[in-house]
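Some notes on the structure that comes next.
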Amino acid sequence: MIYYSDKAIFVKIAERLCDDILADRYREGDRVPSVRELAAEYEVNTNTALRAFEVLQRDDILLQQRGIGMQVAKGAKRKILAARKKEFLQREMPDFLHRLDLLGLTIDDVSEAWEEYQESKQ
(Lines give C-alpha, C1' and ligand atoms only; values in the text may rest on other atoms or scores of the structure.)
Protein backbone atom coordinates (compact mmCIF):
# COMPACT_ATOMS: atom_id res chain seq x y z
CA MET A 1 0.00 0.00 0.00
CA ILE A 2 1.05 3.60 -0.39
CA TYR A 3 1.60 4.14 3.33
CA TYR A 4 4.74 1.98 3.61
CA SER A 5 7.31 4.36 2.22
CA ASP A 6 9.55 7.21 3.20
CA LYS A 7 7.85 9.43 0.61
CA ALA A 8 4.89 11.70 1.29
CA ILE A 9 1.52 10.09 0.59
CA PHE A 10 0.62 12.63 -2.11
CA VAL A 11 3.88 11.79 -3.91
CA LYS A 12 3.09 8.07 -3.77
CA ILE A 13 -0.40 8.74 -5.16
CA ALA A 14 1.10 10.78 -8.00
CA GLU A 15 3.55 7.94 -8.69
CA ARG A 16 0.68 5.43 -8.78
CA LEU A 17 -1.17 7.54 -11.33
CA CYS A 18 2.03 7.67 -13.39
CA ASP A 19 2.31 3.88 -13.08
CA ASP A 20 -1.26 3.62 -14.42
CA ILE A 21 -0.33 5.85 -17.37
CA LEU A 22 2.76 3.75 -18.11
CA ALA A 23 0.62 0.59 -17.96
CA ASP A 24 -1.88 2.19 -20.40
CA ARG A 25 -4.68 2.13 -17.83
CA TYR A 26 -5.01 5.81 -18.70
CA ARG A 27 -3.96 7.09 -22.12
CA GLU A 28 -3.55 10.58 -23.56
CA GLY A 29 -6.85 12.41 -23.31
CA ASP A 30 -8.38 9.93 -20.86
CA ARG A 31 -10.14 11.26 -17.81
CA VAL A 32 -8.56 10.22 -14.51
CA PRO A 33 -10.50 9.85 -11.24
CA SER A 34 -11.61 13.07 -9.59
CA VAL A 35 -10.03 14.37 -6.40
CA ARG A 36 -12.89 12.89 -4.38
CA GLU A 37 -12.71 9.54 -6.19
CA LEU A 38 -8.96 9.36 -5.68
CA ALA A 39 -9.23 10.33 -2.02
CA ALA A 40 -11.84 7.62 -1.47
CA GLU A 41 -9.78 5.01 -3.34
CA TYR A 42 -6.68 5.63 -1.23
CA GLU A 43 -8.60 6.53 1.93
CA VAL A 44 -6.91 9.91 2.29
CA ASN A 45 -8.04 13.47 2.80
CA THR A 46 -9.14 15.27 -0.37
CA ASN A 47 -6.34 17.81 0.18
CA THR A 48 -3.80 14.99 -0.11
CA ALA A 49 -5.31 13.85 -3.42
CA LEU A 50 -5.41 17.46 -4.60
CA ARG A 51 -1.68 17.84 -3.87
CA ALA A 52 -0.98 14.77 -6.03
CA PHE A 53 -2.91 16.37 -8.89
CA GLU A 54 -1.05 19.64 -8.42
CA VAL A 55 2.31 17.85 -8.77
CA LEU A 56 1.15 16.10 -11.94
CA GLN A 57 -0.25 19.31 -13.42
CA ARG A 58 2.99 21.13 -12.67
CA ASP A 59 4.91 18.37 -14.48
CA ASP A 60 2.52 18.53 -17.47
CA ILE A 61 1.32 14.97 -16.89
CA LEU A 62 -2.30 15.95 -16.21
CA LEU A 63 -4.34 18.90 -17.36
CA GLN A 64 -7.63 20.30 -16.17
CA GLN A 65 -10.33 20.28 -18.84
CA ARG A 66 -13.31 22.47 -17.99
CA GLY A 67 -16.49 20.43 -17.73
CA ILE A 68 -14.63 17.13 -18.04
CA GLY A 69 -12.17 17.06 -15.19
CA MET A 70 -8.57 16.01 -15.03
CA GLN A 71 -7.14 14.36 -18.15
CA VAL A 72 -3.87 12.76 -19.17
CA ALA A 73 -1.87 15.36 -21.10
CA LYS A 74 -0.42 14.81 -24.54
CA GLY A 75 3.07 13.31 -24.26
CA ALA A 76 2.57 12.35 -20.59
CA LYS A 77 3.74 8.77 -21.00
CA ARG A 78 6.90 9.90 -22.79
CA LYS A 79 7.66 12.43 -20.04
CA ILE A 80 7.11 9.88 -17.28
CA LEU A 81 9.34 7.32 -19.00
CA ALA A 82 12.12 9.86 -19.50
CA ALA A 83 11.98 10.98 -15.87
CA ARG A 84 11.82 7.43 -14.52
CA LYS A 85 14.73 6.26 -16.68
CA LYS A 86 16.86 9.22 -15.59
CA GLU A 87 16.02 8.60 -11.93
CA PHE A 88 16.80 4.88 -12.24
CA LEU A 89 20.14 5.48 -13.94
CA GLN A 90 21.18 8.14 -11.41
CA ARG A 91 19.83 6.67 -8.17
CA GLU A 92 19.40 2.93 -8.51
CA MET A 93 21.85 1.78 -11.16
CA PRO A 94 25.05 2.70 -9.25
CA ASP A 95 23.93 0.62 -6.24
CA PHE A 96 22.83 -2.22 -8.54
CA LEU A 97 26.20 -2.26 -10.30
CA HIS A 98 28.03 -2.13 -6.98
CA ARG A 99 26.04 -5.13 -5.73
CA LEU A 100 26.76 -7.05 -8.93
CA ASP A 101 30.44 -6.41 -8.43
CA LEU A 102 30.38 -7.46 -4.76
CA LEU A 103 28.55 -10.67 -5.62
CA GLY A 104 30.82 -11.47 -8.55
CA LEU A 105 27.92 -11.48 -10.99
CA THR A 106 28.59 -10.89 -14.67
CA ILE A 107 26.62 -9.26 -17.45
CA ASP A 108 25.91 -12.80 -18.68
CA ASP A 109 24.27 -13.60 -15.32
CA VAL A 110 22.15 -10.47 -15.61
CA SER A 111 21.26 -11.27 -19.22
CA GLU A 112 20.17 -14.79 -18.28
CA ALA A 113 18.03 -13.47 -15.41
CA TRP A 114 16.51 -10.89 -17.75
CA GLU A 115 15.60 -13.56 -20.31
CA GLU A 116 14.00 -15.72 -17.60
CA TYR A 117 12.03 -12.73 -16.37
CA GLN A 118 10.79 -11.93 -19.88
CA GLU A 119 9.74 -15.56 -20.44
CA SER A 120 7.85 -15.63 -17.14
CA LYS A 121 5.74 -12.66 -18.27
CA GLN A 122 4.35 -14.59 -21.26
Side-chain angles (χ1 to χ4, degrees):
M1 190 67 191
I2 62 170
Y3 304 107
Y4 302 109
S5 173
D6 58 348
K7 296 180 181 177
I9 294 172
F10 75 93
V11 172
K12 293 299 294 177
I13 293 171
E15 288 177 346
R16 286 284 177 94
L17 281 170
C18 287
D19 290 346
D20 288 343
I21 293 168
L22 290 176
D24 289 329
R25 182 173 175 206
Y26 302 116
R27 295 193 166 124
E28 288 183 7
D30 284 354
R31 181 189 167 278
V32 297
S34 69
V35 170
R36 286 190 179 97
E37 291 167 334
L38 205 61
E41 179 180 345
Y42 290 109
E43 299 177 353
V44 297
N45 184 293
T46 54
N47 289 331
T48 301
L50 182 61
R51 287 182 73 188
F53 279 143
E54 289 170 350
V55 167
L56 295 174
Q57 281 184 286
R58 181 196 66 214
D59 294 341
D60 296 323
I61 303 301
L62 298 180
L63 58 93
Q64 179 72 39
Q65 191 74 13
R66 187 176 291 260
I68 295 175
M70 206 61 79
Q71 290 182 303
V72 178
K74 185 175 182 176
K77 186 173 182 176
R78 179 185 46 76
K79 289 175 187 174
I80 296 166
L81 273 173
R84 294 264 177 106
K85 285 177 182 180
K86 181 178 179 181
E87 181 178 1
F88 176 79
L89 291 172
Q90 290 178 343
R91 292 191 182 175
E92 296 179 44
M93 185 61 88
D95 184 52
F96 175 73
L97 295 173
H98 176 72
R99 291 174 64 195
L100 288 176
D101 187 38
L102 286 176
L103 297 172
L105 294 169
T106 66
I107 195 68
D108 291 333
D109 297 325
V110 174
S111 181
E112 183 179 324
W114 176 253
E115 288 174 18
E116 289 173 9
Y117 169 74
Q118 290 296 322
E119 288 173 9
S120 73
K121 289 180 12 181
Q122 297 175 359

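Small disclaimer: the values here were computed from a predicted structure and weren't measured.
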Listing request: all ring-ring contact (aromatic ring centres under 6.0 Å, His included) pairs with a residue in residues 59-111, at least two apart in sequence or in separate chains. none
Find the distance between CZ (Arg84) and CG (Leu22) and round it off to the nearest 0.5 Å. 5.5 Å
For residues Asp24 and Lys77, determine if any side-chain heavy atom of one lies less than 4.5 Å from a side-chain heavy atom of the other. yes
Does a sphere of radius 6.0 Å around CZ in Arg36 hold more than 12 heavy atoms from other residues, nucleotides or ligands, not counting ones at 6.0 Å or beyond? no
Taking a hydrophobic cluster as the set of Ile, Leu, Val, Met, Phe, Trp and Tyr residues connected by side-chain heavy atoms closer than 4.5 Å, whether directly or through intermediates, do Ile21 and Leu38 fall within one such cluster? yes
Which residue pairs pass the ring-ring contact (aromatic ring centres under 6.0 Å, His included) test with at least one member in residues 56-79, sequence neighbours excluded? none
Under-4.0 Å salt bridge between Glu41 and Arg16: no
Please determine if Glu54 and Arg51 form a salt bridge, counting it only when a charged side-chain N lies under 4.0 Å from a carboxylate O. no
With sequence neighbours left out, write down each residue that passes side chain to side chain contact (heavy atoms under 4.5 Å, CB included) with Thr106, or none if nothing qualifies. Asp108, Asp109
What do the steps show when you test Arg78 against Leu81 for side-chain contact (heavy atoms from CB on, under 4.5 Å), and what is the final call? CA-CA 5 Å; Arg78 179 185 46 76; Leu81 273 173; 5.8 Å; no
I need the Arg31 CZ to Gln65 CD distance, nearest 0.5 Å. 12.5 Å
Output the distance between atom CG (Asp19) and atom NZ (Lys12), rounded to the nearest 0.5 Å. 8.0 Å
Is any side-chain heavy atom of Lys79 closer than 4.5 Å to a side-chain heavy atom of Ile61? yes
Would you kindly confirm whether Leu17 and Ile9 end up in one hydrophobic cluster when ILVMFWY residues are joined by side chain heavy atoms under 4.5 Å apart? yes
When clusters are formed by joining ILVMFWY residues with side-chain heavy atoms under 4.5 Å apart, either directly or through shared neighbours, do Ile13 and Val11 land in the same one? no
Please round to the nearest 0.5 Å and tell me the distance separating atom CG of Leu97 and atom CG of Leu105. 11.5 Å
